[in-house]
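Not measured: the values here are computed from a predicted model. In the text below, chain A, chain B and the rest are named by the order of the sequence lines, each starting its count at 1.
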Protein chains: 2
Amino acid sequence: MIKADERREEIADYVIKLGQVRIDDLVEHFGVSRMTIHRHIDRLAQQGVLRKLHGAVTVQPSGLYESAFRYRVTVNRAEKDALARAALDYVEAGQVVMLDDSSTANAVATLLLDVKPLTVITNSVATASLLTNVDELDFICLGGQYHNTYNAYIGIVCENAVAQMRANVLICSASAITGTTAFIQDPNVVRVKQAMMAASVKRILLIDHAKFDRIALHVFDDLTSFDVVLATEGLGDARAQALERAGVKLRIVKTKVP
Amino acid sequence: MIKADERREEIADYVIKLGQVRIDDLVEHFGVSRMTIHRHIDRLAQQGVLRKLHGAVTVQPSGLYESAFRYRVTVNRAEKDALARAALDYVEAGQVVMLDDSSTANAVATLLLDVKPLTVITNSVATASLLTNVDELDFICLGGQYHNTYNAYIGIVCENAVAQMRANVLICSASAITGTTAFIQDPNVVRVKQAMMAASVKRILLIDHAKFDRIALHVFDDLTSFDVVLATEGLGDARAQALERAGVKLRIVKTKVP
DNA sequence: CATATTGACGTTAAATTAACAGCGAGATAT
DNA sequence: ATATCTCGCTGTTAATTTAACGTCAATATG
């Protein structure tokens, strides 16, 4: 269990160092079967660390890739992946999809690569690096002031840019939930997200259950404003029923994939 | 996909070395069918590395400078570095600096890290990745539609974002120069650069001498519109004097660093 | 008109995937 | 303590998919 994770890190480091590596090179270098290499890099590609070509793997070619963010994305990965997979039900090929700067939305981005053609809009740097140089994918980055903590562009420039657009679907997350209210910690991030809400036809909120019964500094929006609220199981029946009574369109997502 | 990439690089090197090559030569030299050569050079032409004639291929008439970003960064490294170092004379700590998507401006960005505190604005992805997470440096990214060839964000979203700002200094480059006119290959890039010109108090153009006496598709601006035009030596005294007589504020930069 | 180019299609080689089986480390029950 | 079970990881093989190339006919071009 540990050994495989280490092996994956070794592979990631090796590929990042060389930029582009043939799969047979990896087979030889690590002395394992081709199949095993495939399984490793599939997972790394899933996490957005690498990109598979035919016969080789590369790092994200934009150079935007920051190793510091490589494994930050993996916190609560199982839950985020489950939410992301469920969110795909609301996206169709050809649509315009807006993603916020959350790591959950970033997980959605990795899966969106299979729903091409698409237009994707985001202010997240991590997501941006995933989506550059992808065929059949029109990518628009929301600019603005770079914010270290969120690894995203925010501020008035960003808000104005959002206001110029319309997306079919917004997929976003929040810092905390209490009752039927979603909260966000940073005031500037709130403004960007609210602009995204206004610019989108369908709005989907992705929340893992650990965020319930917490608050953050600023009110983002009421849960009833979303067309769908996807939450991981563990939320509890009582709370789920209370939310549904309050008019929230809740959908519980199973984390475990049998 | 990898094998073909290598083959394409071989072809590109071969053509660049000889300047112009007949397709039948390539067929013989690489021992593949005519159709395959066509497919390869089509892709290279699409990337902007080569140009197809009837029965032959040449390197781009305006040089390599409009080709894909990864071919551009390493070209004329010494000259770009010299220009970048000279450009620093026009930047003071505390100012707002705007950089375009050129590889020359990217070279400037690496040096700007020593002139903090600064506010830097750019639409270049490569430059953006250089400037994120730097202390005492306020970084604003201009968003927009991602363009693979330039590795930058362009389009109307970008233009509007630029129009919201004012910079003390703009540092930019051009694809080609003829007489006192600067040219740019891509129409959408022209618009962004012109917006940058309008948004900046002082404008600095960085040009290596290989770009003189060439044209590209679109007129960017007249050289007299710039507060300073930095060019590498090799431009020649005759042309330099002609430019100065025409009112261009020219400064020649020595490439050699003793 | 001669030659270059493009598009459609078939072939081949290679890479990827799926399915199945073996192995070893805990966990659990006897 | 031992046996057994489960689970994740790995390897093998076969089936499937994909990329690359060539041929030839149709079309463009100088």
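Counting to the nearest Å, the P atom of dC9(D) and the CD1 atom of Ile41(A) are 16 Å from each other. Between the CD1 atom of Ile11(B) and the C1' atom of dA20(D) there is a distance of 13 Å, rounded to whole Å. Separating the CZ atom of Phe30(B) from the P atom of dG22(D) is a distance of 13 Å, rounded to the nearest angstrom. Between the NE2 atom of His40(B) and the P atom of dA19(D) there is a distance of 14 Å, rounded to whole Å. Leu26(B) places its CG atom 14 Å from the P atom of dC21(D), with the value rounded to the nearest Å. Atom-to-atom, CD of Glu6(A) to P of dC9(D) comes out at 13 Å; the value is rounded to the nearest Å.
Taking the salt bridge (charged side-chain N to carboxylate O under 4.0 Å, His left out) definition, one finds that Arg239(A) meets it with Asp213(A), sequence neighbours left out. By the side chain to side chain donor-acceptor pair (under 3.5 Å) test, Gln145(B) is found to be paired with Asp138(A), residues two or more places apart in sequence or in another chain being considered. For Asp25(B), there are no salt bridge (charged side-chain N to carboxylate O under 4.0 Å, His left out) partners, not counting sequence neighbours.
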Scan the side chains in residues 118-127 of chain A for donor-acceptor partners under 3.5 Å anywhere in the protein, sequence neighbours excluded, and list what turns up.
{"from": "Thr122(A)", "atom 1": "OG1", "to": "Leu99(A)", "atom 2": "O", "distance (Å)": "2.8"}
{"from": "Thr122(A)", "atom 1": "OG1", "to": "Ser124(A)", "atom 2": "N", "distance (Å)": "3.1"}
{"from": "Asn123(A)", "atom 1": "ND2", "to": "Tyr153(A)", "atom 2": "O", "distance (Å)": "3.0"}
{"from": "Ser124(A)", "atom 1": "OG", "to": "Ala126(A)", "atom 2": "N", "distance (Å)": "3.4"}
{"from": "Ser124(A)", "atom 1": "OG", "to": "Thr127(A)", "atom 2": "N", "distance (Å)": "3.1"}
{"from": "Ser124(A)", "atom 1": "OG", "to": "Thr127(A)", "atom 2": "OG1", "distance (Å)": "3.1"}
{"from": "Thr127(A)", "atom 1": "OG1", "to": "Asn106(A)", "atom 2": "OD1", "distance (Å)": "3.0"}

Would you list the atom pairs, donor with acceptor, under 3.5 Å between side chains in residues 30-37 of chain B and any protein atom, with sequence neighbours excluded?
{"from": "Ser33(B)", "atom 1": "OG", "to": "Met35(B)", "atom 2": "N", "distance (Å)": "3.4"}
{"from": "Ser33(B)", "atom 1": "OG", "to": "Thr36(B)", "atom 2": "N", "distance (Å)": "3.2"}
{"from": "Ser33(B)", "atom 1": "OG", "to": "Thr36(B)", "atom 2": "OG1", "distance (Å)": "3.2"}
{"from": "Arg34(B)", "atom 1": "NE", "to": "Asp24(B)", "atom 2": "OD1", "distance (Å)": "3.1"}
{"from": "Arg34(B)", "atom 1": "NH2", "to": "Asp24(B)", "atom 2": "OD1", "distance (Å)": "2.5"}

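Of the side-chain N and O atoms in Thr36(A), one or more sit less than 4.0 angstrom from OP1 or OP2 of dG11(D).
Nucleotide dA28(D): unpaired (no Watson-Crick or G-U wobble partner with both distances less than 3.5 Å). Figure legend. dT3(C) is base-paired to no nucleotide; pairs are counted as Watson-Crick or G-U wobble with both atom distances under 3.5 Å.
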Summarise protein proximity over nucleotides 10-27 of chain C in one line of letters, 5' to 3': B for base, S for sugar-phosphate only, - for none, counting protein heavy atoms closer than 4.0 Å. -----SBBB---------
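Formation of a donor-acceptor pair under 3.5 Å by the Thr104(A) side chain with backbone atoms of Lys80(A) is not found in this model.
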